[in-house]
Amino acid sequence: MDYTAKIHYLGEDPISRLMVKFSVPCVLSLMVGALYNVVDQMFIGNSELSTLGNAATGVVFPFFILAQAFAWCFSNGCATYLNICQGQNDTENAHKVVGSCITLTILVSLVLMALIFPFRSQLLLFFGASERNMGLATEYLNLILLFFPTLLLSNMVTGIISADGSPNFSMAALLLGALTNIILDPIFIFVLKWGMTGAALATVMGQIVSCVISLFYFLHPKTFRLSPESFIPARTVVKSMLRLGLATFVTQITLLIITVLSNAILVQYGSISHYGADIPIAVMGIAAKVLTIVINLVVGIVLGCQPIISYNMGAMKYDRVRRLYRYIMACTITIGLLFTLLFQLAPDFVIGLFGAPTNIPNPEDYWLFATKTFRIYLMLITCTCIIKMNSIFFQAAGSPVFALVSSVVRDIACFAPLIVILPRFMGIDGMLYAAPISDLIAILVTAFFTRSFLKSLH
């Protein structure tokens, strides 16, 4: 197959036109993906489940992060490797990396199911479940776990489809899945009164729709053809794929660690504050989902540009890579500043979308903590966006070490120690201030690596 005839435009068309073509569908796809959790939380928060239901989804959220860690690692690693193959006109390894990626995703999902299911109650307690929300969290998690293979596959294949030059197909698959979720959520929660099980069922039904549509794409891809031998993992190809996807995996695992540690701190210091344990868990769960939406906007832009970055790196067109970086950075800063204004000026509006507290003793404490969280915890969200954008850009450019360091500094080297240390002196408010301090330190480190990377493009 002649790759050059298929995708030469990645190295020739105007950068701005390519960004629109590839980034818009990817942004919409990721936003749709984020809606799965956000929509559930909105419907749950506005139902009789209210704050305790939101707290339950907050303690289940780490399981979604774990699934995405593997799915996005395989997806981004495979997509980057595929596009580098295209830039080098390497037809031999293209189909092998896609088939190997699908096989690994299925195997890993089955292993995760087998490991998690027997210990799900203990894990929920470890992730911050309380006596009041444990039953709701278990009810929600049981169904999610049963469909883990679908969850991983639906998150994995969309990146490969975009890398193959069909971002619109990827977007359509995710959009139809999200619409299924949005339609079924009110039916299952409000009409049929299925509670947390209904919310989980709507989510997995949406994932099934996305997964089935996406898998049909591989019957007629553009730049490779799958055969039975494609699905036998090739050691060299898999090693390269995992190396390129390592930064994504580490990013998600650090997010998992931070989420679990944060929940533990929230329970510990929340229980001795006038807020109690459930309010901080519920509010931070909402903040995490909102942060996911903002980050996904930025990630969607740079991830959508991943085929352009990887192709031009493979073709050694470094001037185009530098220009693309400047455009992506401008978009990232704009998004970050707009959401900073929203969270500082109208936090109550955002919080109100997730319902009013009805099943806790002091609702006014809920609004007080929620407002403080959005104004302090998300104070430097622009820096967070820049850090995440750079990490993915480095990965797409075939520099996983830079990507890895950029990702780890903020969450592991800074945020994790600070959320342990600051609450000792500031109580639960210390948890909120840990985020902007970490962002400030990490952005300086990221700036150093960015300068070194751009200088290396000669």
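Between Gln207 and Ser154, the side chains place a donor N or O and an acceptor N or O closer than 3.5 Å (distance only, hydrogens not considered).
Within 6.0 Å of atom CZ in Phe126, 12 or fewer heavy atoms from other residues, nucleotides or ligands are found, so the atom counts as exposed in its surroundings.
Taking the side-chain contact (heavy atoms from CB on, under 4.5 Å) definition, one finds that Phe216 meets it with Val212, Leu219, sequence neighbours left out. The side chain to side chain donor-acceptor pair (under 3.5 Å) test applied to Thr384 returns Asp439, not counting sequence neighbours. Residues forming a ring pair (Phe, Tyr, Trp, His ring centres under 6.0 Å) with Phe249 (at least two apart in sequence, or on another chain): Phe70. Residues passing the side-chain contact (heavy atoms from CB on, under 4.5 Å) test with Ser109, sequence neighbours excluded: Pro149, Leu152. With sequence neighbours excluded, no residue satisfies ring pair (Phe, Tyr, Trp, His ring centres under 6.0 Å) with Phe218. By the ring pair (Phe, Tyr, Trp, His ring centres under 6.0 Å) test, Tyr325 pairs with Phe393, sequence neighbours left out. Residues passing the side-chain contact (heavy atoms from CB on, under 4.5 Å) test with Asp411 are Thr254, Ile258, Lys388, sequence neighbours excluded. For Ala346, the side-chain contact (heavy atoms from CB on, under 4.5 Å) test picks out Leu342, Phe349, with sequence neighbours left out. By the side chain to side chain donor-acceptor pair (under 3.5 Å) test, Ser240 pairs with no residue at all, sequence neighbours left out. In this structure Thr180 satisfies the side chain to side chain donor-acceptor pair (under 3.5 Å) test with no other residue, sequence neighbours excluded. When the side chain to side chain donor-acceptor pair (under 3.5 Å) test is applied to Ser16, no partner is found at least two apart in sequence or on another chain.
The two residues Cys385 and Val294 come nearest to each other via the heavy atoms SG-CG1, 3.8 Å. Minimum interatomic distance between Thr382 and Leu337 (heavy atoms only, all atoms of both residues): OG1-N, 3.3 Å. Between Pro118 and Met113, the closest heavy-atom pair is CD-O, 4.4 Å. The two residues Ile309 and Val302 make their nearest non-hydrogen contact at CD1-O, 4.1 Å. Between Gly198 and Ile189, the closest heavy-atom pair is C-CG1, 4.5 Å. What you find for Ala69 and Ile253 is that their closest heavy atoms are CB-CD1, 4.0 Å.
Aromatic ring pairs are classed by plane angle as parallel below 30°, tilted from 30° to 60° and perpendicular above 60°; the pair Phe415 and Tyr377 is perpendicular.
One N or O on the side chain of Asp164 and one on the backbone of Thr223 form a donor-acceptor pair closer than 3.5 Å. Under a 3.5 Å cut-off, the side chain of Arg120 and the backbone N or O of Phe117 do form a donor-acceptor pair. Thr103 places a side-chain N or O within 3.5 Å of a backbone atom of Phe231 that can act as its donor or acceptor partner. Not one N or O on the side chain of Asn155 forms a donor-acceptor pair closer than 3.5 Å with the backbone of Ala71. No donor-acceptor pair closer than 3.5 Å links the side chain of Ser391 to the backbone N or O of Ile387. Judged purely by atom type and a 3.5 angstrom limit, Ser230 uses its side chain to pair as donor or acceptor with the backbone of Ser227.
The line from CD1 of Ile102 to SG of Cys78 is 8.0 Å long, rounded to the nearest 0.5 Å. Going from atom CG of Leu226 over to atom CZ of Phe224 covers 5.0 Å, rounded to the nearest 0.5 Å. Going from atom NZ of Lys21 over to atom SG of Cys305 covers 12.5 Å, rounded to the nearest 0.5 Å. Interatomic distance, CG of Leu151 versus CD1 of Ile208, reported as 11.0 Å (0.5 Å rounding).
Phe374 places a side-chain heavy atom less than 4.5 Å from the side chain of Ile286. Taking the side chain as every heavy atom from C-beta outward, Met134 and Val59 never approach each other to under 4.5 Å.
Aromatic rings of Phe61 and Phe127 (six-membered ring for Trp) have centroids beyond the 6.0 Å cut-off, not under it.
For the salt bridge (Lys or Arg N to Asp or Glu O under 4.0 Å) condition, no pair includes a residue of residues 335-350, sequence neighbours left out.
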Quiz prompt | Worked verdict on Cys101 versus Met156 for side chain to side chain contact (heavy atoms under 4.5 Å, CB included) | solution = CA-CA 9 Å; Cys101 190; Met156 185 278 293; 3.5 Å; yes
